[in-house]
Amino acid sequence: MSSIACTNCPLRKKDLFTPFTGDELEFMQSFKTGELKVDAGTTILMEGSNSPQLYTVLSGMGTRYTTLENGRRQVINFLFPGEFTGLQAGLMGEMKHSVDATTNMVLCVFRRDDLWRLFRQHPERAYDLTWIAAVEEHFLGETITSLGQRDATQRIAWALVRIHERLRAVGMQKGNRVPLPFRQQDLADALGLSLVHTNKTLKTLRSCGLATWQDGELMIGNLAALAELALIDLERPQTRPLM
């Protein structure tokens, strides 16, 4: 497939992302080496590996996870369009978690060795990206500490609102629905809940007309009420840098 020029990137048009200066855009075009198309189920980055490449999600969704000693997968968080991944290997020498494609994905590919050129030539954007990468070690950028102040129902309501608003910000909403191709177990892992409790809570939210998650789609019945349950104010997602 042909590679999209950074000047024509569809994500740049979204208000979610901070705009590029002319110099930054020129740098990004030289930094990008191409695009990678991967099928659902493909491992993009593996825990313990030292990848020579960094990626930005152009389309599709993925899952970040670690492998426990008993071989089980523990989901850390999810990967959405516009997110940057692989920075751990670039800065720390190896990945501390794995990344799998949950759906078919298209990834912008960058040379890891050129990362230091970004720090030298555009330190402000490099700092922003480093901060984002650190924050996203936690589910959708909010810490486990803040989640600890919510009960299970409030946690799930919080996650559904945040996911819905994030996907809406990148143009993935159709009516009152957004794609949500993950498993209930993935969400339970990311929120530190049991699958049984997660399933019961989702049934309760559906019966109350607040949210329905089925067949790979999330439908929000009453966004304001769901946000109130989640103890959050409805607001535009925080502006973030785009690599």
Side-chain angles (χ1 to χ4, degrees), residues 1-40 42 44-45 51 53-64 77-88 90 99-112 114-115 117-118 121-122 124-137 139-142 161-175 177-182 216-218 235-243:
M1 60 181 294
S2 59
S3 180
I4 297 175
C6 293
T7 52
N8 299 323
C9 175
L11 294 175
R12 287 185 56 237
K13 303 173 184 177
K14 308 299 181 184
D15 292 339
L16 178 64
F17 301 108
T18 54
F20 285 89
T21 66
D23 287 345
E24 288 174 339
L25 193 57
E26 184 178 349
F27 172 85
M28 290 308 304
Q29 189 61 65
S30 68
F31 190 19
K32 180 178 176 179
T33 62
E35 290 168 11
L36 176 67
K37 184 177 182 180
V38 298
D39 294 330
T42 301
I44 300 166
L45 293 164
S51 172
Q53 297 171 321
L54 309 168
Y55 305 99
T56 290
V57 180
L58 186 59
S59 65
M61 300 186 206
T63 305
R64 291 183 174 103
N77 60 14
F78 307 114
L79 202 61
F80 298 111
E83 293 192 8
F84 188 51
T85 190
L87 188 60
Q88 273 193 346
V99 177
D100 282 0
T102 305
T103 68
N104 294 342
M105 299 179 74
V106 178
L107 306 165
C108 297
V109 182
F110 307 96
R111 290 181 295 268
R112 190 186 72 179
D114 284 347
L115 181 64
R117 188 158 59 93
L118 174 65
Q121 296 181 13
H122 303 285
E124 291 185 1
R125 182 163 291 268
Y127 174 82
D128 286 344
L129 286 167
T130 305
W131 181 84
I132 285 290
V135 167
E136 285 175 352
E137 287 299 307
F139 179 49
L140 289 179
E142 293 195 25
V161 170
R162 289 293 191 237
I163 289 172
H164 180 272
E165 293 302 274
R166 178 63 184 278
L167 294 177
R168 180 166 70 170
V170 293
M172 299 184 70
Q173 181 182 18
K174 294 183 178 180
R177 300 173 184 267
V178 294
L180 193 59
F182 307 103
E217 286 189 326
L218 171 64
E235 56 187 17
R236 292 172 62 184
Q238 181 182 6
T239 302
R240 53 190 294 122
L242 175 67
M243 172 62 85

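Everything numeric here is computed off the predicted structure, so don't read it as measured data. Excluded from the calculations below are hydrogen atoms, water molecules and symmetry mates; all remaining heavy atoms, backbone and side chain alike, are included.
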(request) With sequence neighbours excluded, tell me which residues meet side-chain contact (heavy atoms from CB on, under 4.5 Å) with Glu124. (result)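 Partners of Glu124 by the side-chain contact (heavy atoms from CB on, under 4.5 Å) criterion come out as none, since no residue qualifies.
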(message) Can you list everything that forms a side-chain contact (heavy atoms from CB on, under 4.5 Å) with Pro181? Sequence neighbours excluded, please.
(response)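 Pro181: side-chain contact (heavy atoms from CB on, under 4.5 Å) contacts with Met61, Thr102, Thr103.
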If you round to the nearest 0.5 Å, how far is [atom2] of [Y] from [atom1] of [X]?
X      : Y      : atom1 : atom2 : result
Thr85  : Leu45  : OG1   : CG    : 5.0 Å
Lys37  : Thr42  : NZ    : OG1   : 11.5 Å
Leu36  : Ile44  : CG    : CD1   : 7.5 Å
Arg166 : Phe78  : CZ    : CZ    : 12.5 Å
Arg177 : Arg168 : CZ    : CZ    : 15.5 Å

(message) So if I apply the side chain to side chain contact (heavy atoms under 4.5 Å, CB included) rule between Leu11 and each of Cys108, Ser59, Pro81, which one comes out positive?
(response)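 So, applying the side chain to side chain contact (heavy atoms under 4.5 Å, CB included) to Leu11 and each of Cys108, Ser59, Pro81, only Pro81 qualifies.
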(message) Quick one, Leu107 with Gln53, criterion side chain to side chain contact (heavy atoms under 4.5 Å, CB included). Give me CA distance, side-chain angles, the key distance, then yes/no.
(response) CA-CA 11 Å; Leu107 306 165; Gln53 297 171 321; over 6 Å; no
(request) Report the C-alpha distance between Tyr55 and Val109 in whole Å, list the side-chain angles of each, state the deciding distance to 0.1 Å, and finish with yes or no for side chain to side chain contact (heavy atoms under 4.5 Å, CB included). (result) CA-CA 5 Å; Tyr55 305 99; Val109 182; 3.9 Å; yes
How far apart are the closest heavy atoms of [X] and [Y], and which atoms are they?
X      : Y      : answer
Thr56  : Met243 : OG1-O, 3.0 Å
Arg64  : Leu79  : NH2-CD1, 3.1 Å
Ala101 : Val38  : CB-CG2, 3.9 Å
Leu118 : Ala126 : CG-CB, 3.9 Å
Lys14  : Val170 : CE-O, 3.6 Å
Cys9   : Leu242 : SG-CD2, 4.4 Å

(message) Over 60° means perpendicular and under 30° means parallel, so tell me whether Phe80 and Phe182 are parallel, tilted or perpendicular.
(response)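 The arrangement is perpendicular - the two ring planes meet at more than 60°.
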(message) Would the distance check show the side chain of Glu35 and the main-chain N or O of Ser3 forming a donor-acceptor pair, the cut-off being under 3.5 Å?
(response)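 It does not hold such a pair.
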(request) Take atom CD of Glu217 as the centre, draw a 6.0 Å sphere, and report whether it contains more than 12 heavy atoms from other residues, nucleotides or ligands. (result)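 Yes.
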(message) Just to verify, what does Phe20 make a ring-ring contact (aromatic ring centres under 6.0 Å, His included) with, not counting sequence neighbours?
(response)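 Listed in chain order: nothing, the list is empty.
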(request) Verify side chain to side chain contact (heavy atoms under 4.5 Å, CB included) between Thr18 and Arg125, making sure each step is shown before the conclusion. (result) CA-CA 10 Å; Thr18 54; Arg125 182 163 291 268; 3.7 Å; yes
